[in-house]
Amino acid sequence: MQLKDKNKKRLILIDLDGTTLKNDHISINPITKNALQDAIKNGHTVCICTGRSLKDTLHIYNELELDSLLVTLDGGHISDPVHRNFKRIVLPISEEVTKGILRHPILKGKIENIIVEYYHTNMIQNPADNFFVVDSNAEQPVQGNILKDWNGPCSNIIIKLNTNLNFFNVVDTLNDDFGDAVKVKSNLIYGIENIGEKPILIITNKFVNKGFAAEMVAQYYNKNINDVIAFGDQMNDFEMIQTVGHGIALTSGNPKLKEVAWGITDLSNEDGGLGDTLNKLFK
């Protein structure tokens, strides 16, 4: 991997889990952290582009000492936490659609837990669920009955099912009935190859993807999308890696993502693959 112009000031988009963060989903390898901070000092712009919620991302944003735009919920929420010059973009799911999905007959008796998120608010039905562990450094979601206690639209719905029976039929049916408003995906896009006994549904506004977010952020910073560098590891990074000129997949990432990537890191996320690659590109 080589950049044609090493002196050009770049926009660098970084996924978090499995990419910037180590496998504990909390810490950053010093190689990666130092490389990102060096890039900022040298005039490049670093933006987080993650599937996490805003609440679960701000402490990492602050740790990296960023003041750039922040993309969360896979592009469903783009904000400007420090300068507040950028008009916040939220791609919502209406309350009617949200509750229509949760009341759909095909999900009757199959829901074990739910998280919904919007702006600075998120609500979980069962906080004791080990799957939905939120980073201890982040603000924890409130507990509530989503159907009764959640009012207004949301940006993201995550549903944990209590069975994998007819799982693909569930996904197809919800997409058929609500596909004009939302995209219903599974945890397969986050690198889990086996659906398992209790699969996860990830539901976003139909226009949400990281490729769209990459173009929005590049436009804001007046960067040619072909000059943008992006790092990711799973299939929710697919559109971002495909859209930018220099999409780089982690060697520890999804094989299908590597097929469309401009380059692949030599090291894993655990070993500082993102930072190692940045150092090699710029030095």
Side-chain angles (χ1 to χ4, degrees), residues 8-17 19-21 28 33 35-94 116-122 135 137-139 141 152-157 181-183 204-232 236-248 274 278:
K8 185 171 289 185
K9 301 309 177 186
R10 307 273 177 169
L11 171 63
I12 304 167
L13 303 174
I14 57 171
D15 170 55
L16 290 184
D17 294 285
T19 303
T20 303
L21 300 179
I28 305 172
K33 185 173 183 178
L36 289 170
Q37 292 181 331
D38 285 346
I40 295 168
K41 289 175 185 175
N42 289 324
H44 303 288
T45 302
V46 174
C47 290
I48 291 173
C49 195
T50 179
R52 290 186 178 210
S53 69
L54 183 69
K55 277 187 173 184
D56 204 15
T57 304
L58 278 173
H59 63 289
I60 302 168
Y61 179 92
N62 293 330
E63 180 183 347
L64 289 171
E65 301 178 29
L66 301 181
D67 66 352
S68 53
L69 299 189
L70 174 58
V71 178
T72 51
L73 299 177
D74 284 337
H77 188 177
I78 306 175
S79 57
D80 186 5
V82 173
H83 301 293
R84 301 186 186 278
N85 292 325
F86 179 88
K87 178 69 174 176
R88 184 194 305 269
I89 294 177
V90 178
L91 298 179
I93 305 168
S94 72
V116 293
E117 300 166 321
Y118 196 55
Y119 280 89
H120 295 281
T121 304
N122 52 1
D135 189 330
N137 295 312
E139 187 178 343
C154 67
S155 315
N156 200 36
I157 312 167
V182 300
K183 285 188 294 189
T204 63
N205 179 291
K206 68 178 291 185
F207 295 115
V208 166
N209 69 71
K210 290 188 180 184
F212 160 80
E215 292 187 289
M216 288 294 300
V217 175
Q219 171 271 326
Y220 184 73
Y221 288 112
N222 191 30
K223 302 294 185 183
N224 188 318
I225 196 71
N226 294 320
D227 295 328
V228 174
I229 301 169
F231 290 88
N236 62 318
D237 300 311
F238 187 92
E239 290 90 350
M240 176 175 72
I241 295 299
Q242 225 181 11
T243 298
V244 304
H246 305 292
I248 301 172
L274 189 162
L278 268 188

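Side-chain atoms are counted along with the backbone in the values below, which use heavy atoms only and exclude waters and symmetry mates.
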From [X] atom [atom1] to [Y] atom [atom2], the distance as rounded to the nearest 0.5 Å:
X: Leu21; Y: Leu274; atom1: CG; atom2: CG; value: 10.0 Å
X: Gln219; Y: Lys223; atom1: CD; atom2: NZ; value: 13.0 Å
X: Glu215; Y: Thr243; atom1: CD; atom2: OG1; value: 5.5 Å
X: Leu73; Y: Thr204; atom1: CG; atom2: OG1; value: 9.0 Å
X: Met216; Y: Ile78; atom1: CE; atom2: CD1; value: 5.5 Å
X: Ile93; Y: Cys154; atom1: CD1; atom2: SG; value: 4.5 Å

Original post:
Does the pair Ile248 and Ile241 meet the rule for a side-chain contact (heavy atoms from CB on, under 4.5 Å), with working shown?
Top reply: CA-CA 7 Å; Ile248 301 172; Ile241 295 299; 5.7 Å; no
So does [Y] get a backbone contact from the side chain of [X], meaning a donor-acceptor N/O pair under 3.5 Å?
X: Asp237; Y: Met240; answer: no
X: Asn205; Y: Pro92; answer: yes
X: Thr50; Y: Arg52; answer: yes
X: Ser68; Y: Thr45; answer: no
X: Lys210; Y: Cys49; answer: yes
X: Asp80; Y: Asn85; answer: yes

**OP:** For side-chain contact (heavy atoms from CB on, under 4.5 Å), just list the numbers for Asn156 and Tyr118, CA-CA rounded to whole Å, side-chain angles, deciding distance to a tenth of an Å, and then say yes or no.
**Re:** CA-CA 7 Å; Asn156 200 36; Tyr118 196 55; over 6 Å; no
Is there side-chain contact between [X] and [Y], with at least one heavy-atom pair below 4.5 Å?
X: Ser79; Y: Leu70; answer: yes
X: Leu66; Y: Ile40; answer: yes
X: Lys55; Y: Asn122; answer: yes
X: Val217; Y: Leu11; answer: yes

**OP:** Could you tell me whether Tyr221 atom OH has more than 12 heavy atoms of other residues or ligands within 6.0 Å of it?
**Re:**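 More than 12 heavy atoms, drawn from other residues, nucleotides or ligands, come within 6.0 Å of this atom.
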Original post:
When you check the gap from the basic side-chain N to the acidic O, do Lys33 and Glu63 get nearer than 4.0 Å?
Top reply: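 Salt bridge present between Lys33 and Glu63.
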Original post:
Between Lys9 and Asp227, is there a salt bridge with N-O shorter than 4.0 Å?
Top reply: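 Judged by the 4.0 Å cut-off on N to carboxylate O distance, Asp227 and Lys9 do not form a salt bridge.
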Could you report the tightest heavy-atom contact between [X] and [Y], atom names first, then the distance?
X: Asp15; Y: Gly232; answer: CB-CA, 4.0 Å
X: Ile229; Y: Phe231; answer: CG2-CE1, 3.6 Å
X: Val71; Y: Ala213; answer: CG1-CB, 3.7 Å
X: Ala218; Y: Ile225; answer: CB-CD1, 3.9 Å

Original post:
Would you say the ring centroid of Phe86 lies under 6.0 angstrom from that of Tyr220?
Top reply: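 Yes - the distance between ring centres of Phe86 and Tyr220 falls below the 6.0 Å cut-off.
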Original post:
Taking Ile60 as the fixed residue, which of Ile28, Thr20, Ile14 is the one that meets the side-chain contact (heavy atoms from CB on, under 4.5 Å) rule?
Top reply: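 By the side-chain contact (heavy atoms from CB on, under 4.5 Å) criterion, Ile60 pairs with just one of Ile28, Thr20, Ile14: Ile28.
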Original post:
Strictly by modelled atom types, are Asn236 and Asp74 linked by a side-chain donor-acceptor pair under 3.5 Å?
Top reply: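 Short answer, yes.
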**OP:** Tell me, with the steps shown, if Glu117 and His77 meet side-chain contact (heavy atoms from CB on, under 4.5 Å).
**Re:** CA-CA 10 Å; Glu117 300 166 321; His77 188 177; over 6 Å; no
